[in-house]
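Structure record follows, encoded as structure tokens.
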Number of protein chains: 2
Amino acid sequence: MSAPSAPPAGGSVRDRLQRAAFDLFDEQGYDGTTVDAIAERAGVGRTTFFRAFRSKEDVIFPHHDDLLEQVKARLDAASQRHSLLAVSEASRLVLRHYLDEGELAVRRYRLTRSVPSLREREIAGMQQYQRAFREYIRTWMGDELRAELMAGSVITAHNAVLRRWLRGGVDDPEAQFDAAMAQVLDLFAERSGRGTAPTVVVVGSADDPAAVGAAVEQALRARRD
Amino acid sequence: MSAPSAPPAGGSVRDRLQRAAFDLFDEQGYDGTTVDAIAERAGVGRTTFFRAFRSKEDVIFPHHDDLLEQVKARLDAASQRHSLLAVSEASRLVLRHYLDEGELAVRRYRLTRSVPSLREREIAGMQQYQRAFREYIRTWMGDELRAELMAGSVITAHNAVLRRWLRGGVDDPEAQFDAAMAQVLDLFAERSGRGTAPTVVVVGSADDPAAVGAAVEQALRARRD
DNA sequence: CCTCGCGTTGGTACGCAGTACCGTAACGCG
DNA sequence: CGCGTTACGGTACTGCGTACCAACGCGAGG
């Protein structure tokens, strides 16, 4: 198996199947491509396809389950501090995953725009993130409706940035993500008469905590002026 | 046809099919019920089923297209007044439809909660309303992201009220709807006394959530000085 | 070397959703 | 009565997804 015998070259069976699927989708469209055709091009049997992917649609959203688990884990890890920032960071996880995928994400985007059933599935997937956020937010906030609005807004902002990037012509989507999240956080900030409650929003992309701290200081200084 | 010949009694063919479908779904579950079984119980042929409903799922969401058109028409009619209130009223249209359905809406809710594919479809349907709202809001508002947040919030609020009613134990859902929409309107109302709201924005991301939390704490301490 | 077990693959058969096509019975109309 | 229209039923087909079974490769142990 490690030595490819005849025509099928490169990568694991799963990878070959995914490449074959996307290529065929581009050539003949999604509905015009049968699972048999995908398996044939990948040089494997039809049964093997359904062993590698649960369904034909699953070829297009292979990492969704993993990503959702990552998001939930991230939220659980931060569950004691209770902040919208944790939600924002979990959402950033999703964005980064798409950015890392690069061209593949764009091809998938084209497919989801043109095939209704795939569009549905993508939307349903996003709703699962929103659900995770909602439940997390509710753990520290009493107002149920407000929790839903928050979770929905984070997802909406994330999707807006992601969509712009997928459509092309965006230099640094993560900066846009920061701006969008800042807008959301500002939206849900406590109103003025309400006493103090200073909302803190961090900007930048520093993986180093000290750098984040510095950015905070800078933001505070800038705001004082 | 107006005179029922043998066993199938009552209403149009469409109604008989829908009743038969929901009854069978309750008895044997959605996946355990075939289209043949539905047609048989309704006393018609299989072909007739697909003439009355585009698909098996369509039996459960029969009025969706009509409702969506109503919503769009409502928005178009109000397109000159340009207000979030118009969106709220259009959303109320959807709520009222469910309330009028009564018990049928509850049965559908039970189904959508238990069958993933139906859940997906319902979510996708809601997304279409959100899309209509978003496009309407964008016609009078420049900020694209803010338009998305508004549309999403209206849908979220609507869904929250509807869900509570579907779960049972809510006396007057329309009053709750009013309250929820008021909260949304308040959320997007222009801020008063903008200067007194000390909103500090942090930007950036640390892969370690604890580090971010620490940075925020540090920023807040610094701010108190 | 053989063979036993185990995991992976491919092939076949089946159930079911959805589509296309055709035959036919019921109805209205001149 | 003849004719067109319409609604309905039946048959056949494509394609996804599942279940089951046979064949092959491969390492462990005799």
Side-chain angles (χ1 to χ4, degrees), chain A residues 1-18 20-22 24-25 27-62 64-65 111 115-121 124, chain B residues 1-18 20-22 24-25 27-62 64-65 111 115-121 124:
Chain A
M1 197 234 277
S2 57
S5 52
S12 67
V13 175
R14 204 184 148 90
D15 291 341
R16 287 211 314 271
L17 277 167
Q18 191 175 18
F22 272 87
L24 284 170
F25 292 160
E27 297 170 12
Q28 314 172 353
Y30 180 79
D31 291 326
T33 303
T34 68
V35 172
D36 292 83
I38 299 172
E40 188 185 2
R41 175 165 295 201
V44 299
R46 181 181 134 90
T47 311
T48 303
F49 175 91
F50 283 106
R51 268 192 273 262
F53 301 97
R54 284 194 296 263
S55 70
K56 187 180 170 187
E57 292 182 355
D58 252 38
V59 189
I60 307 183
F61 310 98
H64 173 69
D65 291 347
L111 282 172
V115 183
S117 67
L118 299 180
R119 194 187 183 98
E120 282 191 23
R121 197 183 169 92
Chain B
M1 197 235 276
S2 57
S5 53
S12 66
V13 175
R14 203 182 150 91
D15 290 341
R16 286 211 315 270
L17 277 167
Q18 192 175 17
F22 271 86
L24 283 171
F25 291 160
E27 296 172 12
Q28 313 172 352
Y30 180 80
D31 290 327
T33 303
T34 68
V35 172
D36 293 84
I38 299 172
E40 188 186 1
R41 174 166 295 201
V44 299
R46 180 182 139 87
T47 310
T48 302
F49 175 91
F50 284 107
R51 267 193 272 262
F53 301 96
R54 284 194 297 264
S55 71
K56 188 180 167 187
E57 291 181 355
D58 251 38
V59 189
I60 306 182
F61 310 97
H64 173 68
D65 291 347
L111 281 172
V115 182
S117 67
L118 299 181
R119 194 186 184 97
E120 283 192 23
R121 196 183 171 92

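Quick note on labels: first sequence line is chain A, next is B, and so on, each numbered from 1.
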**Q.** Atom-to-atom span, CD of B:E57 to C1' of D:dC16 - whole angstrom
**A.** 14 Å
Q. Is there side-chain contact between B:I38 and B:F25, with at least one heavy-atom pair below 4.5 Å?
A. yes
Q) Less than 4.5 Å apart, any side-chain heavy atom of A:T33 and any of A:R41? A) no
Q) Tell me: OH of B:Y30 to C1' of C:dC16, nearest whole Å? A) 11 Å
Q: State, with a plain yes or no, whether a side-chain heavy atom of A:E57 is found less than 4.5 Å away from one of A:Y30.
A: yes
(Q) Could you check whether A:D31 pairs with A:K56 (Lys NZ or Arg NE/NH1/NH2 to Asp/Glu carboxylate O, under 4.0 Å)? (A) no
Q. Any idea which heavy atoms bring A:P62 and A:F53 closest together, and the distance?
A. CB-CE2, 4.4 Å
Q: Can you sort out which residues in residues 31-39 of chain A have a heavy atom within less than 4.0 Å of DNA chain C? Ascending by number, please.
A: none
Q) Looking at side-chain heavy atoms only, is the closest gap between B:D58 and B:R121 below 4.5 Å? A) yes
**Q.** Interface with DNA chain C, restricted to residues 45-54 of chain A and to heavy atoms under 4.0 Å
**A.** A:G45, A:T47, A:T48, A:R51
Q | Taking every non-hydrogen atom, the tightest pair across A:A39 and A:L17 | A | CA-CD2, 4.1 Å
Q | Listed partners of B:R14 passing salt bridge (Lys or Arg N to Asp or Glu O under 4.0 Å), at least two apart | A | none
